[in-house]
Every structure is written in C-alpha cells, then in structure tokens.
Number of protein chains: 2
Amino acid sequence: MSRITQGKRVSKGNTSVVASLRKLISEGRYPPGDRIAELHVAEHLGVSRTPVRLAFRTLEQEGLLQRAGKRGYRVREFTETDVLCALEVRGVLEGLAARRLAEQGLTEEVEVHLAQCIEDGRELLAKGYLDKDDVTRWSEINETFHTTIVESTGSLVIADAIGRNNHLPFASADSIIIDTDALDREYRKLYFAQMQHQTVFQALRLGESARAEMLMREHAYIGMRYGELLDLDPNGASTG
Amino acid sequence: MSRITQGKRVSKGNTSVVASLRKLISEGRYPPGDRIAELHVAEHLGVSRTPVRLAFRTLEQEGLLQRAGKRGYRVREFTETDVLCALEVRGVLEGLAARRLAEQGLTEEVEVHLAQCIEDGRELLAKGYLDKDDVTRWSEINETFHTTIVESTGSLVIADAIGRNNHLPFASADSIIIDTDALDREYRKLYFAQMQHQTVFQALRLGESARAEMLMREHAYIGMRYGELLDLDPNGASTG
DNA sequence: TTTGTCGTTATTGGATCCAAAGTTAAGTTC
DNA sequence: GAACTTAACTTTGGATCCAATAACGACAAA
C-alpha cells in the first residue's frame, strides 16, 4: 500500500470510531462472546489500528468489551439479569439526582424547562392516539426531561455516572412500529410515562425529596419493562 | 535517540501507565484544572506517546480527565459537592448490591466469607485500641467485605458501575497516623464501621432486603464523613 | 494604541513499523 | 498413533513518523 494516503482526514475521528463500533456491536455484527480483533475492525471501518485501539479502551471502560484473558478483547455478553441490574443502576442514580434536585430547589430556569417537557408531553398525547412520528417526538421530550434533571444537580458526577452506564443494550427497544395495535399499546405506555413525569415534577417543585427519589427510581426502572405490566386503557374502553 | 531501544518491554504496560497517571494526579503533580500534554507525561514516565494516549482515554472515561475544548485534556477539578455526590453514588450503588444480595439469598460460600470478615474485624478491635499496622489490616478487611457483597450479586453490572466510580479523590484519606490521639479516634471510627458491617450482615442473612439496602447505603456514604460526627467512646470514658 | 492578519510553534490524531508473546500447525520421535 | 518439539503465523503493545489544526505571537495597518 502506498504511503500517500497516510494523512487523509476523510476518515472519521476517534469518537466516530467508538460510535460506529458501538453500533456494529449492538447490531449483532461482532456478536457477544466473540473475540474482536483490532485489525479486522480497522479494515472494516477503513481506518488504521490506532483509533480502533483507542476506541477499544473506551468501550472496555464502558463495559461493552472485556479483556479476553491476557490477549485481546471480546464482546461482552449480557444476561437478562445484567439488563435488569443495569435498569436498577440507572434507577437508583436518577433517583439520587432527583432527590438532590428536590433538596436544593428548582431554579427558575430548570422549572421552566421541565414544565415545557410536561406541556409538550401533554400536547403530544392530547389527541388520544399516536401517529408514527410521535414516538420519535416523545423520545426527544423524554430525553430532555431526564437529562435536565440529571444535569441540574450542581455536580456532574451523577450525570457522568449515569452516562457511563448508558451503554447497555436496552436502547435497542426502539423498534419500528407499524400496525395500529402496537401504536395503541405504545400510546398507553407513553401515557403512563407522562403521568410519572408529572408526579416527579410535582415532587420536585414541592421539594418532596424522598418522594421525588422514589418516583424517579421507579420510573427509570420500569420504563423498559412496561411490556410485562397489565395494561388498561386510559381513555375508556376503546379497545375491545 | 537511537532506535535500538524501541522494543524494550522493560517499560511498564499500559495498565501501569494508567495507574501511574492516576497516582501522579492524586499526588498533585498535574494539578486539577491544568492542561495535561501527552508528550510531557510520556517523557515523565519514560514511555512513548501511544500508551499515554490509551491511558488518557481510560482516564477520561473514568472522569479523572476531561476534554479541554476541542484539543487536549485537562485534569478534572472536583468540588466539595462533587465529592459528596460521588459518595452518594457509591452509597446508592452499594445499597442496590446489598438489596439484590439479600433478595437472592446468601450462598453458603458468601455467608462464610462475610462471616470471616466480621470475625476478623471483631478480633482486630477486641483489644480495645489500635496499633499502627491495624489500620492497614482494617482496610483489607473492609475492602473484602464490600467487594464480596458487590461481586456476589449474580451480575457484574453493578460491580462495574461501582468500579467505574471509584476514581474520585476520596481514597487519599489514608494518611499516616502517628500520634496516639489520632489512633484513638481512628479506633472509634472503625468500631462504628464494624458495627455497621454487622448490621448489614444481619440484614443480609435474614433476607431483610430493604433494611440491607438502607444500611449499606448509609454505611458507604458516611464512611468518609465520620470526622464530621460527634464522637463518643465505645469503651467507656478513657479519653478525658 | 488597538486590531486584524499572517506565519510560526506546539500538540494532537492517524498510519506505519518493530518486537514480543500467543497460537496454530507441521514434523519428528517414541 | 500419540505426544512432544519447533517453526511459521497471528495479533497485540509500544515507538516513531507524518499531516492537520489549534494556540501563540509578531507584524502591519487603521
């Protein structure tokens, strides 16, 4: 291979390599348990080994990769228990953030921001059903709500801790929803989530720190496990 | 510089670079807030830039370093709030581990292991005062107790989460104790910690999961803040 | 004196090279 | 035919090289 191509910055930066690798892994290429070789990834992504090695360190720290003995890495396997634990971890950490926030009191800015999230959620769900794009829209609102709480606690330590635990494969639940039945079901799920947001917001405003923690913890934990719940219709019996 | 020395494996591996850097930072060389340059560290440690760059990624992920703008890293500054938050994070995570462990029940092996920690602690404190080496010995016992609980939960996710948050500068409290007064004080602190261990152990054995969580959370949190407490003498008034 | 522009320097990111250690496989001996 | 030895291959870790860019400073113009 000629050396002329050496400095081409067309290739993605290191952060992109991390993102690409994360995606490749979550997509099932590089399946869990398999060894993963620097050179292979490098060729696959069209970069040299160096950025891949850097990415490996990051992903190891994140927990997505783990050392295979003394030599190389392999993709980490996650059991069902692992996923539940990860949910609980997120639950307690976001609960902690909520408690601190309730204790220190909401600033004007944060309160407005959260109120906007609540209002946006209400609007989205007001019409009683979901269109396809609404799911994405909700994701944004939800993300904003959580991020705002987590990053308003006066210390980034908690936010970092949550960020470092956000790698687990439970974000992949964003499957594409087509049929009306699934959209109906999704509507009720989001309705529940919205109500939880509102209770959390209320507790935050009132400075009810213990309640805020408890509610947030449960909300963060249950979010991905809604499917296991018994499911009623919030708008009366429209599903017969 | 000649190229002959290139492959000398005498130099420490990457993991050692991470450890060395962590130490250098916690010792105050590379003070918080300062920019930290790859080349400088590399020369300081007598290695090339490559392992330093890898270490930087690891330490960034750990939170000890953070990107300075778009270019380079700087040593992260920790406020008092940050440290308190980190303690709380550890508290909720270890509390979570304790709850899960209580729920799933102790295996014979784990129970024996924990009982040994309790017994070792009792022995160490039985004579009513501390010798200098006893502090180190307690650290080992304490570490074993916590590690056992955290790593016995059936999933390494929680253990990882805790490990990833173990970087903050509150481990540096292991200052050298010389005078008798400080040893006395330390004794009472360890006495309190030992009692907390025993309550946690009791809750774990009895399967009292909520209690186990609460106790462990408080224990992990208060550990480093004992100095702020009012302090009585557990053995009667020997300090007058 | 201040500000804007241009050139230099410092430092990072990516690519490649070399050595060491592990891994596989072939070949030889009992 | 099984087991041990050894040689070739694979893959990783560290060092060095090159390109690009941000930081810095000098110089000129307003």
Side-chain angles (χ1 to χ4, degrees), chain A residues 1-22 24-25 29-31 33-62 64-76, chain B residues 1-22 24-25 29-31 33-62 64-76:
Chain A
M1 192 181 296
S2 90
R3 279 176 94 176
I4 304 173
T5 59
Q6 202 182 36
K8 62 165 179 178
R9 266 294 162 82
V10 196
S11 59
K12 307 146 185 178
N14 171 49
T15 42
S16 301
V17 172
V18 172
S20 305
L21 245 177
R22 230 190 255 120
L24 285 174
I25 289 172
R29 321 217 12 155
Y30 304 114
D34 275 24
R35 285 268 298 267
I36 185 167
E38 291 175 5
L39 190 60
H40 189 261
V41 176
E43 284 173 356
H44 193 304
L45 266 62
V47 295
S48 83
R49 276 177 52 217
T50 306
V52 175
R53 286 170 64 185
L54 293 171
F56 275 20
R57 288 309 188 291
T58 299
L59 293 174
E60 178 196 12
Q61 209 63 18
E62 275 187 7
L64 253 180
L65 298 182
Q66 55 186 177
R67 283 228 153 76
K70 294 197 171 191
R71 197 165 189 74
Y73 289 90
R74 45 171 218 268
V75 180
R76 176 156 174 190
Chain B
M1 191 181 296
S2 90
R3 280 179 91 177
I4 303 175
T5 59
Q6 200 182 39
K8 62 166 179 179
R9 269 293 164 81
V10 194
S11 60
K12 306 145 184 179
N14 171 49
T15 43
S16 301
V17 172
V18 173
S20 305
L21 244 178
R22 230 190 256 120
L24 285 175
I25 290 173
R29 325 223 6 167
Y30 304 114
D34 275 22
R35 285 269 297 267
I36 186 168
E38 292 175 2
L39 191 60
H40 189 261
V41 176
E43 283 172 356
H44 192 305
L45 267 60
V47 295
S48 83
R49 275 178 52 217
T50 307
V52 175
R53 287 170 65 186
L54 294 170
F56 275 19
R57 289 310 185 292
T58 299
L59 293 175
E60 179 197 11
Q61 209 63 17
E62 275 187 7
L64 252 180
L65 299 182
Q66 57 186 176
R67 283 226 152 78
K70 293 197 171 190
R71 197 167 189 77
Y73 290 91
R74 50 170 213 266
V75 180
R76 177 157 174 188

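In what follows, chains carry the letters A, B, and so on, assigned in the order in which the sequence lines appear, proteins first and then strands, with residues in each chain numbered from 1.
Rounded to an integer number of Å, the gap from CZ of A:R74 to P of C:dG22 is 17 Å. Between A:E43 atom CD and C:dA15 atom C1' there is a gap of 14 Å when expressed in whole angstrom units. In this structure, CG of B:L39 is placed 11 Å from P of D:dT16, rounded to the nearest angstrom. Atom pair A:R67:CZ and D:dT11:P shows a separation of 18 Å (rounding to whole Å applied). Protein atom CG of B:L54 is 11 Å distant from nucleotide atom C1' of D:dT12, rounded to whole Å. For the pair A:E38 CD and D:dG13 P, the interatomic distance rounds to 6 Å; values are reported in whole Å.
For A:R49, counting side-chain heavy atoms from C-beta on, the closest listed nucleotide (D:dA15, C:dA15, D:dT12) is D:dT12. When the nucleotides D:dA15, C:dA15, D:dT12 are ranked by their closest atom to the side chain of A:A37, D:dT12 comes out on top.
For B:R74, there are no salt bridge (charged side-chain N to carboxylate O under 4.0 Å, His left out) partners at least two apart in sequence or on another chain.
No side-chain donor from either of B:Y73 and B:Q66 sits under 3.5 Å from a side-chain acceptor of the other.
No hydrogens or angles were tested; on distance alone, nothing pairs the side chain of A:R53 with the base of C:dG14 as donor and acceptor under 3.5 Å.
Summary of the strand contacts: B:R35 and B:S48 both lie near DNA chain D, and taking for each the nucleotide with the nearest heavy atom, the more 5' one is attributed to B:S48.
Nearest heavy atom pair, residue B:P31 against residue B:V75, reads O-CB, 3.6 Å.
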Only distances under 3.5 Å count here; give the side-chain donor-acceptor pairs of residues 35-43 of chain B to other protein atoms, sequence neighbours excluded, each with its distance to 0.1 Å.
{"from": "B:E38", "atom 1": "OE1", "to": "B:R49", "atom 2": "NE", "distance (Å)": "2.9"}
{"from": "B:E38", "atom 1": "OE1", "to": "B:R49", "atom 2": "NH2", "distance (Å)": "3.0"}
{"from": "B:H40", "atom 1": "ND1", "to": "B:Y30", "atom 2": "OH", "distance (Å)": "3.1"}

